[in-house]
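The shown structure was predicted, so the numbers you read here are calculated from the model rather than taken from an experiment.
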Amino acid sequence: MKKKELIIGASVLLSLLILFFGIDYLKGINIFKSANYYYASYTNVAGLTQSAPVTLNGYKVGLVREINYEYDNPGHVLVELSLDKQLKVPEGTKAAIITDMLGTSSVELRMAPGTNYCKVGSHLEGITPGGMMDKLSNELMPSIVSIAPHIDSLVMALTAVTTDPALLNAIRRLDVIMANLETSTNHLNKAMRGVPMLVNSANGTMANVKDVSANLTQISSALAVLSDDLKDMPLDSTMRNINRITANLDFATAQLNSTNSTLGLLLNDSSLYYNINNSAAHIDSILIDLKKQPKRYIPPIKIF
């Protein structure tokens, strides 16, 4: 029975330890990592919470361990900072509470120069500079206040411009222009549908041009061969023969046209033509008479 109670007690104690250390772990406190503790006092912690990060040059070097109100120093809040054991804090270092735009606060260490370091557990100077929203308010509000009187006149000017009939007419004309552009785009799309056919025709034409070019190449090759053959031919002797033949033809033509040659008389004397016609007429009459009276010309054949 005592052994069972001992086991139950040990289990409860272990559970409490796990719960205690688990809560610290969830807060970001590493109980197995050694740390040094420092303190800073503030009149306003500006939403700072336990486990908030402590940064140095943007790097996390610790966290806020505890936040307690100083009852012996009314109006002040004491913040316990847990810093890395390797970090040495020079004297004069300030712990500033920084609040971002989302309202989350953290502590930023602003190191002082020097080699004299604060003792562990000593107090650092706590400051609460204006947050980002405060800076924006302080810097922008004067500009906004100076601009505010001009906003009314600007709104009136914009109203006058937007209600100007000329602007309304320009908008209507713009609508007409956009409609015309849409119509032109449709026509252009219809026209572009014929482009593939033109491309195909151009491709066919280029193919024909290639064929013609190939034929021209063949013709050029044949002409080159012909030129070589012409170079090898005896053109001089051939031209002399042609000239000689031409001279003989000229002489023959002159003889035919002249009345001093036999061929010329045959071609140019009209009396020979008439005599030949008369002879043909007499022969024709003789043939006709031969058909009518053959006995006159053919003697009878005697049979013995």
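A ring-ring contact (aromatic ring centres under 6.0 Å, His included) check over residues 84-106, counting only residues at least two apart or in different chains, returns nothing. The stretch residues 103-125 participates, sequence neighbours left out, in these salt bridge (Lys or Arg N to Asp or Glu O under 4.0 Å) pairs: E108-R110.
Residues V64 and L48 form a side-chain contact, since some pair of their non-hydrogen atoms from C-beta on lies under 4.5 Å apart. Between V107 and T55, every side-chain heavy-atom pair lies at or beyond the 4.5 Å cut-off. At least one side-chain heavy atom of V89 sits less than 4.5 Å from a side-chain heavy atom of Y38. For the pair T99/S105, a side-chain contact is recorded, criterion being any heavy-atom separation below 4.5 Å from C-beta on. Taking the side chain as every heavy atom from C-beta outward, V45 and V79 approach each other to under 4.5 Å. Put simply, the side chain of R65 reaches to within 4.5 Å of the side chain of Y37, judged on heavy atoms. Within the 4.5 Å cutoff, the side chain of L109 has heavy atoms near those of the V54 side chain.
For Y71, the ring-ring contact (aromatic ring centres under 6.0 Å, His included) partners at least two apart in sequence or on another chain are Y69. Take S220 and apply the side-chain contact (heavy atoms from CB on, under 4.5 Å) test, not counting sequence neighbours, and it matches no residue. Judged as a side chain to side chain donor-acceptor pair (under 3.5 Å), and not counting sequence neighbours, N180 has no contacts. Qualifying side chain to side chain donor-acceptor pair (under 3.5 Å) partners for S41, counting only residues two or more places apart in sequence or in other chains: E70. Here Y117 pairs with nothing under the ring-ring contact (aromatic ring centres under 6.0 Å, His included) rule; sequence neighbours left out. Residues satisfying the side chain to side chain donor-acceptor pair (under 3.5 Å) criterion with T93, sequence neighbours excluded, are absent altogether. Scored by the side chain to side chain donor-acceptor pair (under 3.5 Å) test, E66 finds N68 as partners (sequence neighbours excluded).
For the residue pair R244/N241, the side-chain donor-acceptor check at 3.5 Å is satisfied.
Hydrophobic cluster membership for M206: none, as no Ile, Leu, Val, Met, Phe, Trp or Tyr side chain comes under 4.5 Å of it. In this structure, I288 stands alone, with no Ile, Leu, Val, Met, Phe, Trp or Tyr side-chain heavy atom under 4.5 Å from its own, directly or through other members. When hydrophobic side chains of Ile, Leu, Val, Met, Phe, Trp and Tyr are connected at separations under 4.5 Å, Y39 ends up clustered with L78.
Counting non-hydrogen atoms of other residues, nucleotides and ligands closer than 6.0 Å to CG of N243 gives a total above 12.
Both M111 and L124 sit in one connected hydrophobic cluster of ILVMFWY residues. Membership requires side-chain heavy atoms under 4.5 Å apart, directly or through other members.
Under the 3.5 Å distance criterion, the side-chain polar atoms of N44 are matched with a main-chain donor or acceptor of A46.
Among all heavy-atom pairs drawn from P129 and I97, the shortest one is CD-O, 3.6 Å.
In this structure, OG in S106 is found 12.0 Å from CG in L63, a value given to the nearest 0.5 Å.
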